[in-house]
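Order of the sequence lines sets the chain letters (A, B, ...), proteins ahead of strands, with each chain counted from 1. Just so you know, these numbers come straight off a predicted model, no measurement behind them. Heavy atoms only: backbone and side chains are in, while hydrogens, waters and symmetry mates are out.
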There are 2 protein chains.
Amino acid sequence: MESSKTGRRPGTPQTKEAILDAAIASFVESGYAATTIRGVARAADVDPALVMHFFGSKDGLFDAALRGAMPVRELAVALSGDVSSLGARLTRRYLEVWESPETGPRIRAIVGSIASTPAAAQIMRDFMSGELATPLAKSLPGDQPERRAILAAAQLMGMAFARYLLAVEPMASMTTDELVISVGPSVQRYLTGDLG
Amino acid sequence: MESSKTGRRPGTPQTKEAILDAAIASFVESGYAATTIRGVARAADVDPALVMHFFGSKDGLFDAALRGAMPVRELAVALSGDVSSLGARLTRRYLEVWESPETGPRIRAIVGSIASTPAAAQIMRDFMSGELATPLAKSLPGDQPERRAILAAAQLMGMAFARYLLAVEPMASMTTDELVISVGPSVQRYLTGDLG
DNA sequence: AGATGAATTCAACGTGGTTGAATAGCCCCC
DNA sequence: GGGGGCTATTCAACCACGTTGAATTCATCT
């Protein structure tokens, strides 16, 4: 399957997919800084210039690889149910998403790269304000639903940041249940409580 | 003032300070990734190898430049006063610290580099668990003061992250007073309220 | 004065993102 | 059915970066 001469490799136009798969794996396992275009190219058995050709830049590769990796549907299931217990459901679902071996590593990769590349910040911004806050705001009864949704999202993000990225004690060793009990009511207050 | 020959430049042993100043300026203005050791050396009119000699690595340079840049004293002033309004005072002071042209840019540089270099994460961890949570916990009356302090710190960090680093709407355009009114009670609940 | 050690520079290595030109295969149109 | 053009693909090169090792200069101690 190896190509020795120059020019287009015949037969397989799924090369782009292979590059994307390698990129996702590398970004997730090693983060943005430690991921190299040359390494991704090597893993996909391809020339580095081809990665550039397809995705323009390392930033573009990150965007293509991890946009759409935010677990929108996984969180949406928390929306259905009694609004008075929405805070606890959302908090628990959020924690599960961060701990799931499926979705967790991808979120870590995105959030952890926010400062390294504009793509990560944009993905996160789109997620918080479009994919999470908008549907959440629609299921809220009170005034200023967008503001409520963003305040809740910020609270959840701070919790996850301290727990999973910084791993600061004693937050890192609290159980999921303890966190739901501690943080859930604050989220609930943002969603349906009195904001002043 | 330029040196043309090799060897130690006579007279000025404050070169280390000059390098540190250039490093702080660059990390603060451009972040970790965009700061280059060669650029810092150029700004300090020094050879890149000298930066390595003094600080060991880019990571070491970051640590030396920004450790101690967290505004511990600025936040400590919020501790004195009535405990029942501590949440609001802390929230307001925290926002002011992020917005001050003195302390704000440095915090942004540190928090924004958490994923890029271990030094930033360690600085932040030391700050949250040592310099902020410990004195905060000491002035709390209830049970589990460390846990309360960290929960409050995580809430504040999430707020700042969404507002100043992501700049997601409508959080970015809320006023300080609105945020104090909205977030302060949640912080207060962590500090003195019922955690379940 | 000589030795010691720190400050400082120079040149080099390896790696990384990115670029420009070149080639090879495919499809469309006349 | 043959030529033009588009796309996939590679190669070689550029420049900047972090880091290293040896060399040189200076100050200080003995």
Side-chain angles (χ1 to χ4, degrees), chain A residues 1-23 26-27 29-66 113 115-120, chain B residues 1-23 26-27 29-66 113 115-120:
Chain A
M1 203 62 77
E2 68 263 10
S3 59
S4 56
K5 304 184 62 177
T6 185
R8 172 182 185 187
R9 272 189 318 195
T12 77
Q14 325 106 320
T15 325
K16 206 169 172 179
E17 290 283 340
I19 296 177
L20 269 184
D21 288 346
S26 180
F27 281 132
E29 289 170 24
S30 317
Y32 184 82
T35 290
T36 93
I37 286 199
R38 291 171 126 103
V40 169
R42 213 174 301 130
D45 194 27
V46 141
D47 191 273
L50 188 60
V51 181
M52 299 297 294
H53 174 65
F54 279 139
F55 303 102
S57 67
K58 189 180 175 182
D59 204 75
L61 179 61
F62 185 92
D63 189 80
L66 290 186
S113 304
S116 304
T117 174
Chain B
M1 203 62 75
E2 67 263 13
S3 60
S4 55
K5 305 185 62 178
T6 185
R8 173 180 184 189
R9 270 187 323 193
T12 76
Q14 326 107 321
T15 326
K16 205 169 172 180
E17 289 283 340
I19 295 176
L20 268 184
D21 287 347
S26 179
F27 281 132
E29 288 169 24
S30 316
Y32 184 82
T35 290
T36 95
I37 286 200
R38 292 170 124 102
V40 169
R42 216 174 299 130
D45 194 26
V46 142
D47 192 273
L50 188 59
V51 181
M52 298 297 294
H53 174 64
F54 279 138
F55 303 102
S57 68
K58 189 180 175 181
D59 204 74
L61 179 62
F62 185 93
D63 189 80
L66 291 186
S113 304
S116 303
T117 173

S.K.: For A/Ser116 and B/Ser116, does a side-chain donor sit closer than 3.5 Å to a side-chain acceptor?
M.R.: yes
S.K.: Given C/dA7, D/dT19, C/dT9, identify the nucleotide with an atom nearest to the side chain of B/Ala49.
M.R.: C/dT9
S.K.: Provide, to the nearest angstrom, the distance between the CD1 atom belonging to B/Ile37 and the C1' atom belonging to D/dC17.
M.R.: 9 Å
S.K.: Please tell me which of the listed nucleotides, D/dC17, D/dT10, C/dT18, lies nearest to the side chain of B/Arg38?
M.R.: D/dC17
S.K.: Which atoms form the tightest heavy-atom contact between B/Pro48 and B/Ile37, and what is the distance?
M.R.: O-CG2, 4.0 Å
S.K.: Starting from the 5' end of DNA chain D, give me the residue, B/Asp47 or B/Arg42, whose nearest nucleotide shows up first.
M.R.: B/Arg42
S.K.: Go through D/dG18, C/dG16, D/dA8 for me and flag the one nearest to the A/Thr36 side chain.
M.R.: C/dG16
S.K.: Could you give the CG-to-P distance, from B/Asp45 to C/dT8, as a whole number of Å?
M.R.: 11 Å
S.K.: Which residues pass the salt bridge (charged side-chain N to carboxylate O under 4.0 Å, His left out) test with A/Asp63, sequence neighbours left out?
M.R.: A/Arg67
S.K.: Mind calculating the distance between CD (A/Glu17) and C1' (D/dA8) to the nearest angstrom?
M.R.: 15 Å
S.K.: What's the NE2-P distance between A/His53 and C/dA24, to the nearest Å?
M.R.: 17 Å
S.K.: Could you tell me how far apart A/Phe55 (CZ) and D/dA8 (C1') are, to the nearest whole angstrom?
M.R.: 13 Å
S.K.: How many Å lie between CE on B/Met52 and P on C/dA12, as a whole number?
M.R.: 19 Å
S.K.: Quick one: A/Leu50 CG to C/dG20 C1', roughly how many Å, whole number?
M.R.: 15 Å
S.K.: Take the protein atom NZ of B/Lys16 and the nucleotide atom C1' of C/dA7, then report the distance between them rounded to whole Å.
M.R.: 11 Å
S.K.: Taking all non-hydrogen atoms of both residues, which atom of B/Ala22 and which atom of B/Ala43 are closest, and how far apart?
M.R.: CB-CB, 3.9 Å
S.K.: Nearest to the side chain of A/Lys58 - C/dT9, C/dG17, D/dT9?
M.R.: C/dG17
